[in-house]
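Note sheet for the following structure.
These numbers come from a predicted model, not from an experiment. Below, chain A is the first sequence line, B the second, and so on; all start at residue 1.
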Amino acid sequence: MMTDAATLAPVQPRRRALALSGWDTGVGHALMILVSLVCVFPIYWMIVTSLRPENAIFSTRLWPDAASLDNYAYALRAVPMQRMLVNTFIVSAAVTAVQLLSGILAGYAFARWRFRGSAILFGAVALTWLVPLQVVMIPNYLLVARLGMIDTLGALILPHIASAFAIMLLAQSMRSFPTEVVEAARMDGGNHWQILWQVIVPNLRGTLASLAILIFITTWNEYFWPLLLTRSPENSVVQIGLQMFISSEGTQWGPLMAASTMASLPILLIYLVLQRQVISSFMKSGLR
Amino acid sequence: MSYVSIRDLRKSYGDVQTLHGLNLGFEEGEFVVIVGPSGCGKSTLLRMIAGLEDITSGEIGIGGQVVNDVEPANRGCAMVFQNYALYPHMTVAGNIGYPLKLARVPRAEREQRVREAAEILGLTDYLDRRPKQLSGGQRQRVAMGRAIVRQPRLFLFDEPLSNLDAKMRVQMRIEIRRLHRRLSATSVLVTHDQVEAMTMADRLVVMNGGRIEQIGSPSEVYARPASAFVAGFLGAPAMNLLPATVDREGILRADMCPDRMLAGDLKLPSGTELTLGVRPEDFTVAPAGRGGLPAQVDLIEDLGGMRVAHCQLPGGYASAVLPRESAVREGTHVSLIPDVARLHAFDRVSGQRLAEVAVAGADAGRAESDARSEAFAPA
Ligand SMILES: Nc1ncnc2c1ncn2[C@@H]1O[C@H](COP(=O)(O)OP(=O)(O)OP(=O)(O)O)[C@@H](O)[C@H]1O
Ligand SMILES: [Mg+2]
């Protein structure tokens, strides 16, 4: 029986020899754990502070003695928090959807159509990526004002319906999509529209998912443009809501942390559910 | 009128011309193989017929209609690509049925036709798999299924077998021929593999450098290559090409050993400088000193069915097929005696085939080979 067990035991792959020695691995792990702690701590502290009563708000103890949800209740009463969360979600989802759509269409044109000046146009699109928000802020603001869209959600979406990043990323992945498959679809009788939606897009699901996550998170976290545009709390997004707890009379730390926790909850959820996708999408964006 | 007719077809990429005015016709139902070395323009030609590549100038007609400006899907042809080009996200059934879906064939009929195609190709058990879960040969079959399901009049294959292992290649070669017999649609296959070309073709088109070197049945092309290029390209082991000259007395001598007579009584005028072609199987390997070309066996390759002797000549190399029972060993000195009736002569400069070399013996076969060895005693 003994020998049986021995032979049945899976052979351990001898990775050790290739990887670090035992001591090095220990040190490496300790280091990574330390770095992770440093990164996670602010989030933890935000949550813990949000649970502290007002008189213990600056307590340095790692754990709240008497956790309460008072701050949450106050935050929800003081600003229309639910409304803002819904608004932010609408804006982020809409921007994600529209930006993906425009990216797919423009990316296909750049990748598959040969037309005069396409290289110049592509270069121009790429250049817009380098233009910082501060430069286009004023013209965009004037445009939105003239359209009578100040203090509307539409104005938060409008400047983001196309992004150079999405177009370039999708054009690149469509370029590397095998030409033969596209040609086969042409031979099979597919027109551009069918080839794009039935052949190319289904095969870019991974890239599209990563891009969607990236756009969603970026839009969710946006602060400056909404700050310029929104007037009333009902038409505002959650990042503006947070700012309402910071005033010249002093900062309401407890409610601020509670609101921040609520604001980051959706993003944290995305991280938890789609962890691998999120990481790969950030890696992809880092490669650009 | 040919089913596919190509007139003065040219293709340039920028300033570089890759096809130099091709004229070709494919008859209805025939199996044509286009063969040539890498980069000679085979794929370009095929893709122009398919409509995937713009035509620089010239004309392509399919079924009596000029198709220069017709969309690929409307040319009545289907193409099988080298890398199969299957849709990765669709099942086998989805892949085969996709052209029908695009053509808005009703679902029931579509499923019926997909099943039929799958049956012909032995794919019935794999209809729910994705391409990733198939072997190379199975993927190739799916690609063929996608082609036949549309019932095209013209099949185009671009090196369909080059990604398969040797055994699978032989099997698919036979299957493609069977399929062709069954469907009897005109088929054009591109390859750079000469065995594939010789075995599959009803008619062979040999290309080189964007030009057509020769068109004919495999046996014609093998027996009477139109140029030194074709001669050297088709046949394994390759034909020996030796510089030779017809001397003042009208006797043919190899330049590397001018003291030996190879043939007399020629149709060629004295002084002709030519490239002489002798297939390895048309050399008789005789003991040294029996006439022909003096040579030393350098290396013997045993191909199972035959043995090939690679020989060192005074000024070059030549190869000859050895009889199975031959006692010749590496290092042996021998004489290579060519079969006069099977000599090929090509212009030294243009490479074009010249008139038949020998008059005497031109109609004689191998039966006279004994007499020959006497006729070519050392000069
Ligand atoms: N898109 C292109 N741009 C420029 N030159 C090209 C292009 N496609 C092909 N060529 C050139 O045209 C010539 C013929 O190419 P083609 O692909 O038809 O060769 P082939 O005979 O199919 O070769 P292989 O056996 O390697 O597939 C080559 O010299 C190639 O470099
Ligand atoms: Mg090719």
Side-chain angles (χ1 to χ4, degrees), chain A residues 100-101 103-105 107-120 122 169-212 274 276-277 280-281 284, chain B residues 13-14 43 46-54 70-91 94-105 110 130-132 139 142-152 154-160 163:
Chain A
L100 281 186
L101 182 71
I104 287 171
L105 296 177
Y108 182 80
F110 280 126
R112 292 281 161 214
W113 286 358
R114 260 175 277 148
F115 53 92
R116 199 173 279 272
S118 70
I120 295 172
F122 192 73
L169 183 76
L170 288 172
Q172 198 46 48
S173 45
M174 288 188 200
R175 275 196 199 110
S176 50
F177 189 76
T179 322
E180 280 197 339
V181 176
V182 175
E183 286 175 342
R186 259 185 92 191
M187 296 290 300
D188 283 346
N191 55 32
H192 282 299
W193 193 251
Q194 289 163 326
I195 290 173
L196 175 60
W197 292 107
Q198 296 174 6
V199 176
I200 296 182
V201 167
N203 285 302
L204 292 185
R205 260 177 302 190
T207 308
L208 287 170
S210 304
L211 186 58
L274 301 170
R276 205 182 291 163
Q277 287 282 4
S280 85
S281 66
K284 267 181 200 158
Chain B
Y13 291 105
S43 298
L46 199 73
R47 292 164 51 80
M48 286 168 89
I49 297 173
L52 295 171
E53 206 78 59
D54 294 334
V70 177
E71 272 295 300
N74 302 330
R75 296 189 178 197
C77 57
M79 185 148 165
V80 176
F81 294 83
Q82 178 173 357
N83 300 318
Y84 321 129
L86 300 177
Y87 309 120
H89 61 296
M90 295 184 197
T91 61
N95 266 282
I96 298 177
Y98 190 59
L100 301 178
K101 191 172 159 193
L102 288 174
R104 300 234 165 78
V105 173
R110 204 160 79 206
R130 282 178 208 284
K132 224 187 297 174
R139 284 181 211 181
V142 177
M144 279 161 55
R146 191 173 60 183
I148 66 175
V149 79
R150 296 168 56 200
Q151 301 168 343
L154 176 62
F155 280 105
L156 306 171
F157 298 87
D158 192 355
E159 310 212 12
N163 282 351

Quiz item: Would a distance-only check, ignoring hydrogens and angles, find a side-chain to backbone donor-acceptor pair under 3.5 Å from B:Y87 to A:A185?
Solution: yes
Quiz prompt | Smallest separation among heavy atoms of A:G190 and B:L102, with atom names | solution = N-CD1, 3.3 Å
Quiz prompt | Residue pair A:D188, B:K101: steps toward the side-chain contact (heavy atoms from CB on, under 4.5 Å) verdict | solution = CA-CA 9 Å; A:D188 283 346; B:K101 191 172 159 193; over 6 Å; no
Quiz item: Do any N or O atoms from the side chain of B:H89 and from the backbone of A:Q198 form a donor-acceptor pair under 3.5 angstrom?
Solution: yes
Practice problem: Compare every heavy atom of A:A184 with every heavy atom of B:A85, then report the nearest pair and how far apart it is. | Solution: O-CB, 3.8 Å
Exercise. Answer with side chain, backbone, both or neither: which region of B:A78 has an atom nearer than 4.5 Å to a non-hydrogen atom of chain A?
Key: backbone
Practice problem: Sort out for me which of A:N191, A:V182, A:V199, A:T179 touches chain B most, counting heavy-atom pairs under 4.5 Å. | Solution: A:V199
Practice problem: Side chain from CB out, backbone as N, CA, C, O: work out which of these in B:R47 comes under 4.5 Å of a heavy atom of chain A, or both, or neither. | Solution: side chain
Self-check item: Which portion of B:E71 sits near chain A, non-hydrogen atoms under 4.5 angstrom
Solution: side chain
Self-check item: Contact origin within B:L86 toward chain A - heavy atom pairs under 4.5 Å
Solution: backbone
Practice problem: Start with the C-alpha gap between B:M79 and A:E183, add the side-chain angles, then the distance that decides, and say whether side-chain contact (heavy atoms from CB on, under 4.5 Å) holds. | Solution: CA-CA 9 Å; B:M79 185 148 165; A:E183 286 175 342; over 6 Å; no
Practice problem: State, with a plain yes or no, whether a side-chain heavy atom of B:P99 is found less than 4.5 Å away from one of A:M187. | Solution: no
